[in-house]
Amino acid sequence: MSKYKWKDLTKLKSPSMAYDSPLSVLCHIDVNCFYAQVEAIRCGYTKEDPVVCVQWNSIVAVSYAARKYGISRMITIQEAMKKTDKLIPIHTAVFKKGEDFWQYHDGWGPWNPDKDKRLPSSDYKISLDPYRRESRKIFKIFTEYCDLAEKASVDEVFLDIARLCLQSLMCSEQLIPGKENPETIQLMQAKFKDESYDGNQFLPAVPGELKELPFIGDVYNPEDLPLIEDWDDVLFALGSRIAQELRDEIKQTLGYTTSCGLASTKNVCKLASNFKKPDAQTIIKNSCVNTFLDNGKFEITTFWSLGGILGKELIQILKLPQQGSNGYVRENWPTRDSLRKSLSRAVRESPSTSSTIIDASRTNEIADKLYDLVRGQYRVAVTPQTIVKSMMSNKNMTGQACSGLADCFSWLEVFAGELAGRVHELEQEYDKIIRPRTIHILVRAKSGDTHSKSGPFVQNGAKISSQDLLKAGAKLVAELDAKFARGKEHSFYPLININMSISNLDVVDCRKSVIDMFGNQASVQGRQRKANVGNNQSASLANEPFKENWCDECNKTFETSREFQEHADYHIALALSEKMNGTNDCSRRLTFGEKRLLMRRNAPEPPSKRRSKPKSKTAGSSSDIFKYFKKE
DNA sequence: TACTCACAG
DNA sequence: GGCTGTGAGTA
């Protein structure tokens, strides 16, 4: 007889409950050296080519071919190139300061003999968009195959493949090719189909024929236990085939090699996928999980979420050994309650100098988690992908890359372009409208002090635009500048960091009504405006509409955009001359109207066009204007 | 809203 | 070890 019950098996039918069954089958898939693979594939290299992905002077991802030369992350590109002249360094895509699109500059990087082609970090910002894009393609394949996929990071996914395994087991007429299913299986399949089982009944023993089922990949089995004893093993064997098929599909359609771990819990899956790389899969059967966790490579700090100071503190406070902590915890605290008591007492009695982060009110929760983790039994649900909750675009700087308000604006332009582009891509992916409600600007001053300012974000149209973000960001930056830079320039500029983020992302179904999208208040405003204007079909009524060729400063509309441009030039020239001639207070900043004019004259191309390399630069783009500021 | 901390690849 | 990010907590 099996040690599992019918309800353990049927629980697998439900995506929301399967993870909690003792028969659960999860897997974790990790794209090997992801950034390096993206660049290698993009540039047409094979896995034999020693490609590394470079960011400034650092190596952020190393292909396996390059690892053979002893190249790893942590070392600089200069050091790596000394190790082999075969190295193929590829820099990430970048935004240029003052531009709102990213592009690749293949061949450019710190190694380029031409000093103009070295991508100084003072003038550029890293773009991770290409990796997010590839990540979405990969994730799409997972979701097509599997009814429950959780995106764990840009290059990692958790899958609950229980339904796929269950379907193999309970719907297949030939579990072993060419052989009729044993009678036990036929009976089980009939019961399962009719739902004529009693959930509390134990399952039958696994019939001998099924113990021949092959595993695809590496079963962790140092003690040479029988591969298939109970139904969990059968499901893992079937799962290993499914995982291989999935990974083959990724390889064939997109070209990426992956590593995969199969196990009953997310934590063990993650350790397993990391166990053998690249292009491998490791299966941790339930009967081998303790041996796996004790194999000498893992400690409690290896578990996800325990990698930081919480893990260290647990070791200290529970007096765990530096090595073999998993087995130690298992053996010394054989019951949940004993570990709860020990941890709670240890926290209570610990001197106030140590243990700063274990909250006394959470000791039971943490103890239970640890108890389960060291047994490979910490069951956490696989949650379907949730939309991001915030997005940030960030730039760290050394030197003079941001030494005034004008520089801030140039970086804001980058941030606004990046964030608007990312929102658009997300909208396309989900076929939803995404409306950020809050915008946040944070700067780290020369002194090291951080200052931030945030506020509500309202956009002009139904879709977010980089101008809206730029406008809102510029306002916040100007306020920070006014508050912290004026009269204190010595501690403020040059900034060592500046970033823009958006949050409170409202997600709206595209098919929903204007009321759903903009709220009742806005909808009332919209109707009012509609009534005034007449037959206005636009849905972008929530806020002040974007008035074509309208000058805020003069409260005046111009006939043509050309006339408007000339008028805008007049304002900017005025502001510049005041600034450069010193006729005005040197610290005079552009008025908000002037800034707005500046922004408007740079209406970007549609996002689809902006991704490609622009052939010629529009005369009078903001970077051209801002270069005058730098001379002051 | 402003700011800090923890954690991860 | 620097860079890029996400999320939670606090006042």
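Here is the naming used below: chain letters follow the sequence lines, and residue numbers restart at 1 for every chain. In what follows, every heavy atom counts, from backbone to side chain, and hydrogens, waters and symmetry copies are set aside. Note that the structure is predicted; figures quoted are calculated from it, not measured.
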Assign [X] to base, sugar-phosphate, or nothing according to its heavy-atom contacts below 4.0 angstrom with the strands shown.
| X | value |
| --- | --- |
| A/Asp155 | sugar-phosphate |
| A/Lys312 | nothing |
| A/Arg444 | nothing |

Value in whole Å for how far the [atom2] atom of [N] lies from [atom1] of [X]:
| X | N | atom1 | atom2 | answer |
| --- | --- | --- | --- | --- |
| A/Ile498 | C/dC3 | CD1 | P | 16 Å |
| A/Gln55 | C/dG1 | CD | P | 16 Å |
| A/Asn274 | B/dA8 | CG | P | 13 Å |
| A/Met392 | C/dG7 | CE | C1' | 10 Å |
| A/Met397 | C/dG2 | CE | C1' | 14 Å |
| A/Asn394 | C/dG7 | CG | P | 16 Å |
| A/Trp304 | B/dA6 | CH2 | P | 16 Å |
| A/Leu119 | C/dG2 | CG | P | 20 Å |

[X] side-chain N/O to [N] phosphate OP1/OP2 under 4.0 Å:
| X | N | answer |
| --- | --- | --- |
| A/Arg73 | C/dC3 | no |
| A/Lys389 | C/dG5 | no |
| A/Lys151 | B/dG9 | no |

statement: Value for CG (A/Leu442) from CG (A/Asn499), rounded to nearest 0.5 Å, stands at 5.0 Å
field: Rounded distance [0.5 Å steps], CG in A/Leu505 versus CD1 in A/Ile433
entry: 13.5 Å
- prompt: Does A/Asp279 pair with A/Arg247 as a salt bridge, N-O distance under 4.0 Å?
  reply: yes
field: Pairing of A/Glu134 and A/Arg42 as salt bridge, 4.0 angstrom limit
entry: no
query: Can the positive tip of A/Lys297 be found less than 6.0 Å from the middle of the six-membered ring of A/Phe275, inside 45° of the ring normal?
result: yes
field: Side-chain donor-acceptor pair present, A/Thr438, A/Asn504, cut-off under 3.5 Å
entry: yes
field: Heavy-atom donor-acceptor pair, A/Glu150 side chain to A/Thr383 backbone, under 3.5 Å
entry: yes
- request: Nearest-nucleotide wise, let me know which of A/Thr398 and A/Met391 is further upstream toward the 5' end of DNA chain C.
  value: A/Thr398
What nitrogen or oxygen pairs link the protein and nucleotides 2-4 of chain B at under 3.5 Å?
{"residue": "B/dA2", "atom": "OP1", "partner": "A/Lys453", "partner atom": "NZ", "Å": "3.1"}
{"residue": "B/dA2", "atom": "OP2", "partner": "A/Ser454", "partner atom": "N", "Å": "2.4"}
{"residue": "B/dA2", "atom": "OP2", "partner": "A/Ser454", "partner atom": "OG", "Å": "3.1"}
{"residue": "B/dC3", "atom": "OP2", "partner": "A/Ser452", "partner atom": "N", "Å": "2.6"}
{"residue": "B/dC3", "atom": "OP2", "partner": "A/Ser452", "partner atom": "O", "Å": "3.3"}
{"residue": "B/dC3", "atom": "OP2", "partner": "A/Ser452", "partner atom": "OG", "Å": "3.4"}
{"residue": "B/dT4", "atom": "OP2", "partner": "A/Thr450", "partner atom": "OG1", "Å": "2.7"}

What's the closest nucleotide to the side chain of [X] if the choices are [options]?
| X | options | value |
| --- | --- | --- |
| A/Leu310 | B/dC7, C/dG5, B/dT1 | B/dC7 |
| A/Ser153 | C/dG5, C/dG1, B/dG9 | B/dG9 |
| A/Thr438 | B/dT1, C/dC3, C/dG7 | B/dT1 |

message: If you take the centroid of each ring, where Trp contributes its six-membered ring, are A/Phe415 and A/Phe95 closer together than 6.0 Å?
response: no
